[in-house]
Structure formats: structure tokens, C-alpha cells
Novice: 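Before we start, here is the structure in question, set down as C-alpha cells.
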2 protein chains.
Amino acid sequence: MTREPKGNPVVLDAPARAVLQVFRAKAGEARALDQSRCPVRDVLDRVGDKWSLLILIALSHAPHRFSALQRAVGDISKRMLTQSLRNLERDGLVSRQVFATKPPSVEYALTAMGESSLVPVVGLVGWASAHHDAIRDARLAFDAKEAAMA
Amino acid sequence: MTREPKGNPVVLDAPARAVLQVFRAKAGEARALDQSRCPVRDVLDRVGDKWSLLILIALSHAPHRFSALQRAVGDISKRMLTQSLRNLERDGLVSRQVFATKPPSVEYALTAMGESSLVPVVGLVGWASAHHDAIRDARLAFDAKEAAMA
DNA sequence: GGGCTATGGTCTCAGACGTAGACCACCAAT
DNA sequence: ATTGGTGGTCTACGTCTGAGACCATAGCCC
């Protein structure tokens with residue numbers, strides 16, 4: 001026992017499993033070849049970045065200028081906004097265009113690739129919003145159990 | 001020009017856009033109500049964590065013991081592994097089971113919710129692996145342009 | 001003119017956070 | 001007795017983040 005095969009149905013469909021297999025293969029191969037230079041992992045690092053997703057989502061609505069973007073995201077510092085935008089621009093997800101107005105303004109917009117990244121992102125957001133109640137409950141239960149321990 | 005409406009076709013389908021709308025609504029409402037306590041955002045924080053995704057993916061193959069997990073992920077420190085596992089467990093994505101063997105062993109496995117999280121995760125991984133060539137090229141181009149500036 | 005706004009950033013500094021590695025207690029095999 | 005393997009914790013160090021000052025420029029108001 002303690003090892004009973006769980007009865008819950010497989011959640012992943014065939015294409016999802018296929019993608020996972022591809023990922024495992026790439027991860028393994030990359031690790032074998034060149035430790036820590038797995039391409040999928042570094043892309044994930046960027047997408048997984050706290051601010052990048054938020055910026056992408058803000059830009060999904062419309063192009064934004066620097067300070068409009070800062071206001072849209074809410075609690076991001078200029079420093080991190082600059083840095084995240086640089087990374088996003090470097091990765092080709094966001095375009096930067098300077099307008100030679102008196103105080104020069106800069107407009108950031110999603111590129112085609114940036115827009116395409118929204119597809120998996122909304123998947124994630126959808127999952128998150130579908131499960132955040134369950135997660136909150138799990139956290140409460142966990143914290144209660146932990147408090148009981150102490 | 002510099003402002004021509006881009007001709008690229010809309011990438012998001014209707015359900016995706018709907019999810020995005022929901023996210024924007026939640027984000028806005030949460031920010032209005034209680035700055036920085038947006039539920040979607042904190043779930044995203046966890047999923048977006050560098051190690052959580054890797055752990056989830058490792059566990060998707062089979063349950064792992066602590067040190068097996070560390071070997072599977074590769075370059076994670078015990079400290080971060082412990083911490084990430086605690087968070088994942090707290091959120092109800094991963095279960096922890098202790099076996100009273102002579103050196104007690106601990107087995108971590110995905111819960112049903114953890115498995116369900118793989119669906120959006122593979123979406124992300126799929127996107128990443130589909131685009132990492134383009135991203136690598138974009139980075140090269142960006143770095144070259146930057147070097148030319150200097 | 002002096003101060004205020006707003007533009008897009010950069011710079012600095014303190015503090016939070018991640019990492020590597022030692023260490024612990026236990027047991028089996030050598 | 002040493003070595004290795006179990007799951008962690010603890011500490012010391014270094015990196016990264018966030019808040020805010022600062023820059024140059026051009027209105028605007030008084």
C-alpha cells in the first residue's frame with residue numbers, strides 16, 4: 001500500500017502528452033550536451049518572470065507608452081519595467097518605437113510573436129482563475145495543519 | 001507611418017479573448033479593492049517560479065523521492081527544492097508522503113490539481129519549444145544591434 | 001525667474017532573496 | 001571506522017529587487 005496506483009483519470013490529452021515528451025527530450029538532451037543551457041528552460045525563465053506576463057497582458061489591450069505601462073501594471077518600479085521591457089524586446093516579443101516629440105515619447109507594442117505568446121498565457125491565466133479558490137482552500141488547510149503542529 | 005495598423009491576423013481565438021477579459025476584470029477589481037492581492041497574480045507567481053514548473057514536469061513522469069527529484073531537476077539546491085516543494089504542497093499541487101523505512105524516505109507526487117496544471121504548462125512549453133529558434137535569432141539580432149551602437 | 005508638470009530612463013543604496021555547501025541523525029555495507 | 005544514502009536545516013555569501021533621487025528638456029502658471 002501507500003503506493004496504490006492513484007485512480008484519478010489521466011488529465012492530459014494526447015497532444016499535451018506529446019508536447020511533454022518533446023520537452024523531456026529537449027531538456028534531457030540539452031542537459032547532456034550543455035548543462036543549464038536548455039533552450040526551453042531559458043524561454044520559460046523569461047515567460048515565468050513575474051513582470052513579463054503582466055506586461056504582455058497590459059500590452060495585449062493596446063500599445064502603451066512607458067509611463068502608461070507603469071501605471072497599467074501598477075506596482076512595478078521603473079527599474080524593473082525598463083529591465084523587463086529590454087528583455088521582452090530582446091526576445092522579439094515587444095517592439096519599441098521612439099517618437100521625436102518635445103519630451104521624446106516611447107511606445108511599446110506586442111510583435112506578432114508576442115501576440116502568439118498570449119495563447120499559452122491565457123491558458124495559464126484561465127487555469128489560475130479556475131483553480132484559485134481550490135488553491136486558497138488548500139493553503140488555508142495547510143497553514144491550519146501547520147499551526148496545529150506547532 | 002510608424003503607426004500602421006499591423007496586418008497580422010488576430011492570433012487569439014474567441015475563448016482565449018474571453019479568458020483575457022476575465023483576467024483583466026479580476027486584476028482590475030482586485031487592484032481597486034486591495035492593492036497587490038490579486039488572486040490570479042499570486043497563482044501566477046507560483047506557477048511562474050523558476051523551479052516549480054521544472055518540479056511539476058519532473059513529477060509528471062512519476063512520483064519522486066526528495067533526492068531523486070533533486071537529481072531529476074539537475075541544478076537546484078536542496079534549500080530551494082525544499083522550499084518549492086513546500087509551496088507546491090501548500091497550494092495542493094503536490095502531495096507528500098513519508099515512509100517509515102530505516103532512513104525515512106519521502107515521496108512527492110502530483111495531486112489531481114497538480115496534474116491539471118500540466119495542461120496549461122504544456123501549452124507554455126509547446127509555445128516555448130516552437131518559438132525558441134525565433135527567440136534566439138531575435139536575441140542575436142538585438143545584441144548585434146546593441147554592440148553596433150557602442 | 002522659480003516652481004510645477006510630464007517625458008523616459010539611469011544610478012545608488014539598503015534589504016530581500018537565492019545558492020552552495022557544511023552539518024545533523026540514522027543505518028547498512030565495507 | 002569509513003563511506004554512502006536518507007531528508008532536511010542552517011549559515012555565509014553574492015546576486016537581484018525595489019524605492020527613490022537624479023538628469024535634460026519643454027511647457028505652464030504666477
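Sequence lines set the chain letters: A, B, ... in the order given, protein chains first and strands last, and positions in each chain run from 1. Since the model is a prediction, treat every value here as computed from it, not as a measurement.
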Novice: Sort and list the pairs that fulfil side chain to side chain donor-acceptor pair (under 3.5 Å) and have at least one residue in residues 79-95 of chain A, not counting sequence neighbours.
Specialist: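 Non-adjacent pairs meeting side chain to side chain donor-acceptor pair (under 3.5 Å): R46(A)-D91(A), R90(A)-D143(B), D91(A)-R139(B).
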Novice: With a 4.0 angstrom cut-off to heavy atoms of chain A, pull out the first and last contacting nucleotide of DNA chain D, in 5'-to-3' order.
Specialist: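 Terminal contacting nucleotides, 5' to 3': dT17(D) to dA26(D).
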Novice: What string of B, S and - do you get for nucleotides 6-13 of chain C, 5' to 3', when a contact is any protein heavy atom under 4.0 Å?
Specialist: -BBBB-B-
Novice: Just so I know, are the side chains of H61(B) and L59(B) near enough to count as touching, which here means a heavy-atom distance under 4.5 Å?
Specialist: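 Counting from C-beta outward, H61(B) and L59(B) never come under 4.5 Å.
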Novice: How many whole angstroms separate atom CD of Q83(B) from atom P of dA16(C)?
Specialist: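 Roughly 15 Å, once rounded to whole Å.
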Novice: According to salt bridge (Lys or Arg N to Asp or Glu O under 4.0 Å), who are the partners of R136(B), at least two apart in sequence or on a separate chain?
Specialist: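 Once residues adjacent in sequence are excluded, the partners of R136(B) under the salt bridge (Lys or Arg N to Asp or Glu O under 4.0 Å) criterion are D133(B).
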Novice: Could I get the full list of side chain to side chain donor-acceptor pair (under 3.5 Å) partners for H64(B), not counting sequence neighbours?
Specialist: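 Counting only residues at least two positions away or on another chain, H64(B) forms no side chain to side chain donor-acceptor pair (under 3.5 Å).
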Novice: Decide yes or no for I135(A) and M113(B): does some side-chain heavy atom of the first lie under 4.5 Å from some side-chain heavy atom of the second?
Specialist: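 When only atoms from C-beta onward are counted, M113(B) and I135(A) do touch, with a gap below 4.5 Å.
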Novice: So, do F66(B) and K78(B) sit near enough that their side-chain heavy atoms are less than 4.5 Å apart?
Specialist: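 Touching, per the 4.5 Å side-chain cut-off.
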Novice: Which whole-number value in Å describes the distance from I76(B) CD1 to dA20(C) C1'?
Specialist: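 The distance from CD1 of I76(B) to C1' of dA20(C) comes to 13 Å, rounded to the nearest Å.
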Novice: Check whether any side-chain heavy atom of Y108(A) lies under 4.5 Å from a side-chain heavy atom of P63(A), and answer yes or no.
Specialist: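 Y108(A) vs P63(A): side chains apart.
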Novice: In the structure I gave you, are the side-chain heavy atoms of V73(A) and I57(A) within less than 4.5 Å of one another anywhere?
Specialist: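 Not touching, per the 4.5 Å side-chain cut-off.
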